[in-house]
There are 2 protein chains.
Amino acid sequence: MDQNSRRELISDTGLTSNMEDYIETIWVLSMQKKVVRVKDIAADLDIKMPSVSAALNKLKEMGLIDYEKYGFIELTEKGKSLAQKVYGRHSCLKNFFSEVLGLDINMANDEACRAEHVLSPEVCVKMGRLLDFYSVERSRGSEWVAKLQSHLKKTKNPD
Amino acid sequence: MDQNSRRELISDTGLTSNMEDYIETIWVLSMQKKVVRVKDIAADLDIKMPSVSAALNKLKEMGLIDYEKYGFIELTEKGKSLAQKVYGRHSCLKNFFSEVLGLDINMANDEACRAEHVLSPEVCVKMGRLLDFYSVERSRGSEWVAKLQSHLKKTKNPD
DNA sequence: TGACAAAATTAGGTTTATCTAATAAATTTA
DNA sequence: TAAATTTATTAGATAAACCTAATTTTGTCA
């Protein structure tokens, strides 16, 4: 019971990376479609349906989703608020990676998907702030922005 | 065999986060002391000795350490090179977090410890580059550096 | 409405990584 | 050097996530 918390529960949600992934996915899907299905979650996370079933039972026990066998999947208020926390971190990171570091949008997203579970809200917020500052400076045409960009584009070390 | 690779093997070392942690720890310890012991690794990673024993057997099988029961623990060349990759990512991230984002050094280190396993070399290198640029600009007294710092210090949202 | 297809669950396994308790080896010390 | 202490290993369990195969439920459509 403790051997796990040490290595898994690093964020402020009290959830494992996996559980964070599930609620985040449910949240995102529920904005795209009327009804969220086991199949959709499985497709999105690239896992099989039985794994999703098992996870849904856990999420239900934790009070993060309303769910009856073969029925609809809906986040509870608590689930929604945690999902938003995770997604908030995701957004800050993704935007920072793409806008400031100049990463391809898909790569930025992938990196954010992984980092969102391990970086604290404080770091994510600060990276978001840095991005805000950067965006304003860029739109003003500040010279350092261009210099930074050319500095970042130098050939990466092969290692 | 595949269900694991999808979620664990995200970096360029081909190792799980855990294995990365072990070789990184061994590498760091071997620079601090003459002999690296099971006990030290356990203390550093905050786990128990039997877990370390089990991991060492795996690392040996993978050809990353030279090790005989009750004997010395030493990284092979291959192990050393992987450890350096991980530690390189760690350094870039830690320095970025502390110097640019202004995080407390211990917190910066903790965040780096976790993120080093999920962020690609490319991202880490770019964050390192951004830090380099930032350091030069700061030492030149560029105005935007001060502005950024004050922007980052605004009260963080309680969420 | 009855048969077929699609979706979801259950049952039973695997892997990774951890733990505790018990044992064995190595080291220190009296 | 023998006893006591420290260090390390083995044995046996547990928990989180995932899988495949088989079964059950739901939904569609002729």
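First the proteins, then the strands, lettered A, B, ... as listed; each starts at 1. Being a predicted model, the structure only gives us computed values, none of them experimental.
Atom CE in B:M62 sits roughly 14 Å away from atom P in C:dT15 (whole-Å rounding). For B:K60 and D:dT9, the NZ to P distance is 11 Å, given to the nearest whole Å. Between the CD atom of A:E20 and the C1' atom of D:dA17 there is a distance of 15 Å, rounded to whole Å. Rounding to whole angstrom units, CG of residue B:L15 and P of C:dT16 are separated by 13 Å. Rounded to an integer number of Å, the gap from CD1 of A:I65 to C1' of C:dA8 is 14 Å. In this structure, the CZ atom of B:R37 is 15 Å from the C1' atom of D:dT9, given to the nearest Å. The distance from atom CD1 of A:I47 to atom P of C:dA7 is 16 Å, rounded to the nearest whole Å. In this structure, B:H117 atom NE2 and C:dA17 atom C1' are separated by 14 Å, rounded to whole Å.
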Are any protein N/O atoms closer than 3.5 Å to N/O atoms in nucleotides 9-12 of chain C? If there are, list each pair with its distance.
unit_1 : atom_1 : unit_2 : atom_2 : d
C:dT9  : OP1    : A:Y67  : OH     : 2.1
C:dT9  : OP2    : A:S53  : OG     : 2.2
C:dT9  : OP2    : A:Y67  : OH     : 3.4
C:dT9  : O5'    : A:S53  : OG     : 3.4
C:dT9  : O4'    : A:Y70  : OH     : 3.3
C:dT10 : OP1    : A:K69  : NZ     : 2.7

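Within the 4.0 Å cut-off from OP1 or OP2 of D:dA17, at least one side-chain nitrogen or oxygen of A:K58 is found. Look at B:S51 and you won't find any side-chain N or O under 4.0 angstrom from OP1 or OP2 of C:dA17. At least one side-chain nitrogen or oxygen of B:K39 sits closer than 4.0 Å to the OP1 or OP2 atom of D:dT7. Using a 4.0 Å cut-off, some side-chain N or O of B:Y22 falls inside it from OP1 or OP2 of C:dT18. Look at B:N18 and you won't find any side-chain N or O under 4.0 angstrom from OP1 or OP2 of C:dT16.
The salt bridge (Lys or Arg N to Asp or Glu O under 4.0 Å) check on A:E61 picks up nothing, with sequence neighbours excluded.
Checking each of B:D40, B:D44, B:I41 against B:V52 for a side chain to side chain contact (heavy atoms under 4.5 Å, CB included) leaves exactly one that passes, namely B:I41. For the side chain to side chain contact (heavy atoms under 4.5 Å, CB included) with A:Y22, the lone residue among A:I47, A:L15, A:I73, A:I65 that qualifies is A:I47.
Ring orientation note: the planes of B:Y134 and B:W144 are nearly perpendicular, at an angle over 60° on the 30°/60° scale.
Under 4.0 Å is where a charged nitrogen must lie from a carboxylate oxygen, and between B:E20 and B:R89 at least one such pair does.
Between A:A42 and A:K48, the shortest heavy-atom contact is CB-C, 4.0 Å.
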Could you give the side-chain donor-acceptor pairs of residues 90-103 of chain A under 3.5 Å, partners two or more places apart or in another chain?
unit_1 : atom_1 : unit_2 : atom_2 : d
A:H90  : ND1    : A:E116 : OE1    : 2.6
A:H90  : NE2    : A:N109 : OD1    : 2.9
A:S91  : OG     : A:Y87  : O      : 3.0
A:N95  : ND2    : A:S91  : O      : 3.1
A:S98  : OG     : A:K94  : O      : 3.3
A:S98  : OG     : A:N95  : O      : 3.4
A:E99  : OE1    : A:R138 : NH2    : 2.9

